[in-house]
Amino acid sequence: MAEARIIPIAPRAAGSGGWAPQLSASPPLALYVHFPWCVQKCPYCDFNSHAVRDDGIPEAAYRAALVADLESALPQIWGRRVHSIFIGGGTPSLISPDGLDELLTAIRMRVQLDPLAEITLEANPGTVDAGRFKAFRQAGVNRLSVGIQSFDERHLKALGRIHGRADAIAAAEAALTHFEAVNLDLMYALPGQTLAEADADLTTALALGPGHLSCYHLTLEPNTAFAANPPEVPDPDASADMQDRIEARLGDAGYRHYETSAFAKPGRECRHNLNYWAFGDYLGIGAGAHGKLSSHEGIVREARPKHPAAYLAAHHSGSFVAERRSLGAAELPFEFMMNALRLNQGFPRHLFTERTGLPFEAAEPGLLKARQQGLIETDGDTIRPTTRGRHFLNELLMLFLAE
Amino acid sequence: MQHIRNFSIIAHIDHGKSTLADRIIHLCGGLSDREMEAQVLDSMDIERERGITIKAQTAALSYRARDGQVYNLNLIDTPGHVDFSYEVSRSLAACEGGLLVVDASQGVEAQTVANCYTALEQGVEVVPVLNKMDLPQANPDGAKQEIEDVIGIDASDAIPCSAKTGLGVEDILEAVIARIPPPKGDPDAPLKALIIDSWFDNYVGVVMLVRVVDGTLKPKDKILFMSNGNQHLCEQVGVFTPKSQPRETLSAGQVGFIIAGIKELKSAKVGDTITLAGKPAATPLAGFKEIKPQVFAGLYPVESNEYDQLRESLEKLRLNDASLQFEPEVSQALGFGFRCGFLGLLHMEIVQERLEREFDMNLITTAPTVVYEVLMKDGTVEQVSNPSKLPDLSKVEEVREPIIKAVIFLPQEYVGPVITLCNQKRGAQVDMLYHGRQVQLIYDMPMNEVVMDFFDKLKSVSRGYASLDYEFKEYRAADLVKLDVLVSSEKVDALSIIVHRANSQYRGRELVAKLRELIPRQMFDVAIQAAIGSNIVARETIKALRKNVLAKCYGGDITRKKKLLEKQKEGKKRMKQVGNVEIPQEAFLAVLRVDEGK
């Protein structure tokens, strides 16, 4: 239905792929680097992570593969400036500081990196000490995201984390000593968690005073240990109470709630993640990394081989792309909204056309229904979710799914 | 005629009726090994899965007996459920004998008793057979004693057998010949043929399975249906072996089929008598009844654009199911659909299941109801088969509900809870008889109560040991009211039910409580109310869901998160939007799931 209403800006001959969106300018570009190893796999985690085996992490080989991967992707990002780098995992803080330094140097030598680029590294307590943090900072990392999850021993244990409360606090303190920009990841609605316990975690986090906090509702994702063997979690009303409490307290403490689960002091928003939510471009390198790249030919999504061994093998064959898919006009409105409507401040109208290459009319049927249901509001040129729309984001996004 | 034996098998569902039928057919060479499909007599998928027979089928078999003579044995299958008791009685009316199959390890089951009594009432010679003798726990003496106690027939020469291994099957056939009388009847008298069953065949039209009682029939004869006077030209006669085999004639004592170019199944009603137009019989055979649907429910497509498909599917089903009735109806809540009439709840379930399985329909079924008679103040009488259509009580003199005579067989240890259940259902005890350890309870009950959930409850309080047989008795005036359900202040006509005033408050409370469980939380509070007229008798609120959000979405998550949302959306599609509330299919049957035990 939605498809019939889409009028291409510059119609093309309908080939096998049909009509493709046409962009007038390249979106901003970010670089994501995936590090797929963890000390052990957590039962709730559905990310591409693998427990480190007895023979250790093949760090040098993996780094060489990352560089080769980047080189093979260079033609796709030719002439474009990279605004941010995010090294995620897994547990990328397991990389040796020297190895990380070499990797960042290799990246700088191959891409045009913004001198003020945000470079984030994910770190997990229990895998780091102050000395390593200092070295990471010297290598050029300027933002640290620490996977605290909770400060409560019982909940950390239930989540299968390798660290305890003291490790969590030590890691946060070390991070804050060496980095100006620090994010702490917290989770709530944990197995057996009470509102008071969620509150206590928040109190500890606020006392540490990071510039950025991510508070995630625990989700039982498919293909995880928790999905196979679900723990008893707070009911939806109890977890909604926790969410309300978190939002209220962080607001009082001067954090702006800028995305579904992200809170930041002014100026401390994560620029790399904002780029995802603004439907910008990103190149993803490393095992299982995903990329989204726009060109005059349209928008493609691509993915690297998922398993570390397959990825390392790809290095030898020279072909790092395991999947590549052009996005059709019918799915773009949904994909744009799925990201942009996560932003509490919403998006300006023109961003839709700028990032999808589709006329604004393509988004209108869904937006109309959303407005009728009180899920979005328009403020001048800005479209943003209402409080209701933020609470029922899934209902809002379903309005944009193609029939 | 001395070499013909007509018989059927009377058995509890899992006491091996179909397996024994297969054995008998096999032994008589009715089908070769290659053709032998397990349990050939139960041919419909659903029958096979549920282990019940819906359509009566038959096999004309040749058997060379130990006396050296060849006998013509007609095995007539009987449907096995209370909804089809009329069909059972017609099948048995076509037989001179019946094999009473009893599981030697379990003894007599209540279900068998009712059918066996029907057989004895019809004067059918009952030959007891003890099946499953191969099982180590077989207790033939105990089973014999039970047959004598419960059914009251001599079981001293019951035949031990195992349909599974084949043990004793030949003995059974010898007993059929020795103990079941050959048919009586005069091949030269005016034709009287009883329609045992009829069905629609895509190539030849209606096929009628008949038992010829008197006279002879051959192709080119002009036949007359005695219930309605319709005439048709007989095109073909034959027998099933169980494959169909044309014959030159069918005459007194024989069982076979007639094809007469009939296009509509309702022209060939089970129990009707066929005679010859040129030389008609003076009187029809006794026992014919017009079958009327007893239970009505609305069937609606979940997707309103599938209405035409639903109509076509129902039409196709009706080709082979004369007792299925339907007519278009419109519901404010559910849109366009059909009010369908069924013989009973099982029949309804079967139709529903076939629509979903064979025709791929996605359906909403409303709660089943009986037909009420409403005497208006102006003296006219209206039939109401849809509760939401009950006229305004200010214009009504009285509402009458159908009362049935329910016959329940059960082991005596369950008498207490079953009587309690019957009383809860407004039953009035007519009689209670003891047959050994089996008890026969006879109750007059409002059929409405039986239709709701009586059968399931009866099974549960008797742990499956009670059987129910019922027949319509009369219409009786009762203090009945319409209970409406309002969802977010909007009346949902498809949820209205008719209940006795004495139970109405309680029913209302239970119904809204059940709906509260069945309707998922929405983005806003949903009030569910039960009302009699403008009087609200019960209310529950489904509290609004407070959030529905995916916590994380980053660069690599898009595809997976999208699938998750697509799944959520798919789930919504299976619900019916009433006003702005999404109601799942099963909520429309909520009234059936109200638990009275609490």
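Since we're looking at a predicted model, the values are computed, not measured. Per chain, numbering begins at 1; letters A, B, ... match sequence-line order.
Between F347(A) and R355(A), every side-chain heavy-atom pair lies at or beyond the 4.5 Å cut-off. For the pair P328(B)/Y307(B), a side-chain contact is recorded, criterion being any heavy-atom separation below 4.5 Å from C-beta on. Q243(A) has its side chain out of reach of S261(A): every pair of non-hydrogen atoms, C-beta onward, lies at least 4.5 Å apart.
Of the residues considered (H290(A), M338(A), H391(A)), H391(A) shows the highest number of contacts with chain B, using heavy-atom pairs under 4.5 Å. The choice from A289(A), S239(A), G291(A), A262(A) that makes the most heavy-atom pairs within less than 4.5 Å of chain B is S239(A). Considering only heavy-atom pairs separated by less than 4.5 Å from chain B, the leading option among E221(A), E331(A), R342(A), H34(A) is R342(A). Your options are N394(A), T219(A), L401(A), and the one with the most heavy-atom pairs under 4.5 Å with chain B is N394(A). Between chain A and the options N580(B), T559(B), L565(B), heavy-atom pairs under 4.5 Å are most frequent for L565(B).
Figure legend: cation-pi geometry between K292(A) and Y276(A) absent, as NZ or CZ is not positioned both under 6.0 Å from the six-membered ring centre and within 45° of its axis.
With a 4.5 Å cut-off on non-hydrogen atoms, Y282(A) touches chain B through its side chain but not through its backbone. Using a 4.5 Å cut-off between heavy atoms, F86(A) makes no contact with chain B at all. Both the backbone and the side chain of D46(A) come within less than 4.5 Å of a heavy atom of chain B. Only the backbone of R390(A) comes within less than 4.5 Å of a heavy atom of chain B; no side-chain atom from C-beta onward does. Only the side chain of L375(A) comes within contact range of chain B, with at least one heavy atom under 4.5 Å from a heavy atom of that chain. For D281(A), no part sits under 4.5 Å from any heavy atom of chain B, backbone or side chain.
In summary, the aromatic rings of F263(A) and H212(A) are positioned with their centroids too far apart to meet the 6.0 Å limit.
Listed for the H257(A) side chain is a donor-acceptor partner under 3.5 Å among the backbone atoms of E259(A).
Between the side chains of H272(A) and Y554(B), no donor-acceptor pair of N or O atoms lies under 3.5 Å.
When each of K543(B), R521(B), K547(B) is tested with D237(A) by the rule salt bridge (Lys or Arg N to Asp or Glu O under 4.0 Å), just one qualifies, namely R521(B).
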